[in-house]
There are 2 protein chains.
Amino acid sequence: MNDYTNILREHNLKATPQRLAIANALCTNGHMSIETLYGIMLKKFSSISLATIYKNINLMLENTFIQEVKLPNAKSVYELTKTPHSHLLCEACGNVEDILLNLNSIIEDALKASEFQIEKTDLVLSGVCKKCRK
Amino acid sequence: MNDYTNILREHNLKATPQRLAIANALCTNGHMSIETLYGIMLKKFSSISLATIYKNINLMLENTFIQEVKLPNAKSVYELTKTPHSHLLCEACGNVEDILLNLNSIIEDALKASEFQIEKTDLVLSGVCKKCRK
DNA sequence: TCCTAAAGGATAATTTTTATCTATTGATAA
DNA sequence: TTATCAATAGATAAAAATTATCCTTTAGGA
Ligand SMILES: [Mn+2]
Ligand SMILES: [Mn+2]
Ligand SMILES: [Zn+2]
Ligand SMILES: [Zn+2]
């Protein structure tokens, strides 16, 4: 189990036990909704307030310690900030996976077509995962 | 101003005045949040209920008459269903534009890397539009 | 024109998220 | 170590967003 004390501090976040637990939960579970994160946190902190979850999620987002992933037909999930990547969503089981795709050519195309100065991409590919296909 | 009576019926939706107005609002404004749609609808139907907006948006989504577009750091917007396309979001002015991009090669890459059966893509490119750059 | 399921409006209820308040605590420096 | 204090946690209220309920009206077909 990783120690997120310093990483939290680097993001100007005090390393409280609750925050360390959030970081670890995200680390081991990958992508989590507020709801499921709260459920997991309750196991460790039986009297943790849902407000604490929200306050921390929002602060962690502001300080880019975590990222929000908006999914079609599902609640948002949150993850530790890593190198930019895309997502695969299984419409059958709801599982979310990371996938590293090179979007440079797409961004080039968009640049030419739009005159936008593009700074960020959010891509979710929805479908059916291998397990659910069988 | 387009007549959406038949298109609504093709989607198993009764062509009520409220629904026709929603369709026209989406047609002329492109992408709208619940909030702004409600504001526009109030001009035509001074006593329309917000519940009517929600009920219709949800039904129209179920019957694929409209689509939801989830945006980073912003409320969802809704649009009439058109041929699949991607979106540009200006982080400065909040404007949302359609953009047609060929994602085939990306989907191919994802297929190889993931063994997912991909059926849908949701791509939002965020940046600064031409107008806001000046 | 009549009939009826579906839809609209009013409003309550529920769900989700944020704000407020006080006690506690993590981080810093003496 | 210990003292200090801004930041945080938890409890709870409040606000915002969404859905449910109930009754009246209406679109669309017979
Ligand atoms: Mn991810
Ligand atoms: Mn669009
Ligand atoms: Zn699956
Ligand atoms: Zn702009």
Side-chain angles (χ1 to χ4, degrees), chain A residues 3-26 32-63 65-78, chain B residues 3-26 32-63 65-78:
Chain A
D3 179 14
Y4 283 99
T5 307
N6 291 320
I7 308 179
L8 280 167
R9 290 184 185 151
E10 282 164 20
H11 288 83
N12 300 310
L13 295 165
K14 278 193 182 179
T16 67
Q18 291 84 348
R19 285 176 183 171
L20 290 168
I22 290 176
N24 280 308
L26 290 175
M32 309 188 72
S33 68
I34 295 277
E35 200 182 5
T36 53
L37 175 60
Y38 182 47
I40 287 182
M41 291 295 289
L42 273 174
K43 292 179 194 166
K44 266 207 171 183
F45 305 86
S46 56
S47 72
I48 194 173
S49 171
L50 184 51
T52 299
I53 306 289
Y54 275 105
K55 281 185 288 190
N56 278 322
I57 288 292
N58 286 334
L59 255 179
M60 288 172 166
L61 282 172
E62 284 170 31
N63 299 10
F65 177 72
I66 64 172
Q67 302 286 137
E68 177 175 8
V69 184
K70 292 195 175 184
L71 303 169
N73 310 314
K75 299 244 170 83
S76 286
V77 292
Y78 302 85
Chain B
D3 179 14
Y4 284 99
T5 306
N6 292 319
I7 308 179
L8 280 167
R9 289 182 185 153
E10 283 164 20
H11 288 84
N12 300 309
L13 294 165
K14 280 192 183 180
T16 67
Q18 291 85 349
R19 285 176 183 171
L20 290 168
I22 289 176
N24 280 309
L26 290 175
M32 309 187 73
S33 69
I34 295 278
E35 199 181 6
T36 53
L37 175 59
Y38 182 49
I40 288 182
M41 292 294 288
L42 273 175
K43 292 179 193 165
K44 267 206 169 182
F45 304 87
S46 57
S47 72
I48 194 173
S49 172
L50 183 54
T52 300
I53 305 289
Y54 276 106
K55 281 186 287 191
N56 279 322
I57 288 291
N58 286 333
L59 256 178
M60 288 171 165
L61 282 171
E62 284 171 28
N63 299 9
F65 177 71
I66 64 172
Q67 302 286 138
E68 178 175 6
V69 184
K70 292 197 176 183
L71 303 169
N73 309 316
K75 299 244 169 83
S76 286
V77 292
Y78 302 85

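Every value quoted in this text rests on a predicted model; they were computed, and no experiment measured them. Lettering of chains follows the sequences in order, A, B, ..., and the numbering in each one begins at 1.
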Any idea which heavy atoms bring [X] and [Y] closest together, and the distance?
| X | Y | answer |
| --- | --- | --- |
| A/A15 | A/T5 | CB-CG2, 3.7 Å |
| B/I57 | B/Y78 | CG2-CE2, 3.8 Å |
| B/K70 | A/N73 | NZ-N, 4.3 Å |
| B/F45 | B/A21 | CE1-CB, 3.6 Å |
| A/K75 | A/E35 | NZ-OE1, 4.3 Å |
| B/F65 | B/I7 | CE1-CG2, 3.8 Å |

Output yes when at least one side-chain N/O atom of [X] is less than 4.0 Å from OP1 or OP2 of [N], else no.
| X | N | result |
| --- | --- | --- |
| A/Q18 | D/dG10 | yes |
| B/N58 | D/dT19 | yes |
| A/Y54 | C/dT18 | no |
| A/N56 | D/dA9 | yes |
| A/K75 | C/dT16 | yes |
| A/T16 | D/dA7 | no |
| B/T52 | C/dG9 | yes |

Which nucleotide wins on minimum distance to the side chain of [X], given the candidates [options]?
| X | options | result |
| --- | --- | --- |
| A/L59 | D/dT12, D/dT8, C/dA10 | D/dT8 |
| A/P17 | C/dG26, D/dA17, D/dG10 | C/dG26 |
| A/K14 | C/dG26, D/dT18, D/dG10 | C/dG26 |
| B/A51 | D/dT12, D/dA9, C/dA10 | C/dA10 |

| message | On DNA chain D, compare the nucleotides closest to B/T5 and B/I34; which residue's is nearer the 5' end? | response | B/I34
Output the rounded distance in Å from [atom1] ([X]) to [atom2] ([N]).
| X | N | atom1 | atom2 | result |
| --- | --- | --- | --- | --- |
| B/K70 | D/dA17 | NZ | P | 16 Å |
| B/I53 | C/dG9 | CD1 | P | 8 Å |
| B/N12 | C/dA5 | CG | P | 17 Å |
| B/F45 | C/dG9 | CZ | P | 8 Å |
| A/R19 | D/dG10 | CZ | P | 11 Å |
| B/Y38 | C/dG8 | OH | C1' | 13 Å |
| B/L42 | C/dG9 | CG | C1' | 12 Å |
| A/M60 | D/dA7 | CE | P | 17 Å |

| said: Using a 4.0 Å heavy-atom cut-off, does B/I48 contact any base of the nucleic acid, only the sugar-phosphate backbone, or nothing at all? | reply: sugar-phosphate
| Most 5' of A/K55 and A/E35 on DNA chain C, judged by nearest nucleotide |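 It is A/E35 whose nearest nucleotide is closer to the 5' end.
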